[in-house]
Amino acid sequence: MEPQAFVAATLAAHVGFTIVVTAHASLTDRDAGPWPVVTLAFGLAGIAAYFFYDETSGSDAH
């Protein structure tokens, strides 16, 4: 694969992932927080963080 094609495919995938995160947050009335930007920058890692990061797991967890 040519480098230009790889960059274009990666950019398209990250934009698509960002749309999925934003749409999911909107449809489930969930605050997307910083995750669309993180997903745009880091792709699959941002999606994983969006779905698995739990803000409530910090101070109240017993």
Minimal non-hydrogen separation, Gly46 against Thr39, with atom names: C-OG1, 3.3 Å
With rounding to the nearest 0.5 angstrom, report the CH2 to NE2 distance, Trp35 to His24. 14.5 Å
Consider only side-chain heavy atoms of I, L, V, M, F, W and Y, link residues closer than 4.5 Å, and tell whether Leu40 and Tyr50 are in one cluster. no
With rounding to the nearest 0.5 angstrom, report the CD1 to NE2 distance, Ile19 to His14. 13.0 Å
Quick check: is Val21 connected to Tyr53 through a chain of hydrophobic side chains (ILVMFWY, heavy atoms under 4.5 Å apart)? yes
Would you please name every residue forming a ring pair (Phe, Tyr, Trp, His ring centres under 6.0 Å) with Phe42, sequence neighbours left out? none
Same cluster for Val15 and Val20 if Ile/Leu/Val/Met/Phe/Trp/Tyr side chains link at under 4.5 Å? no
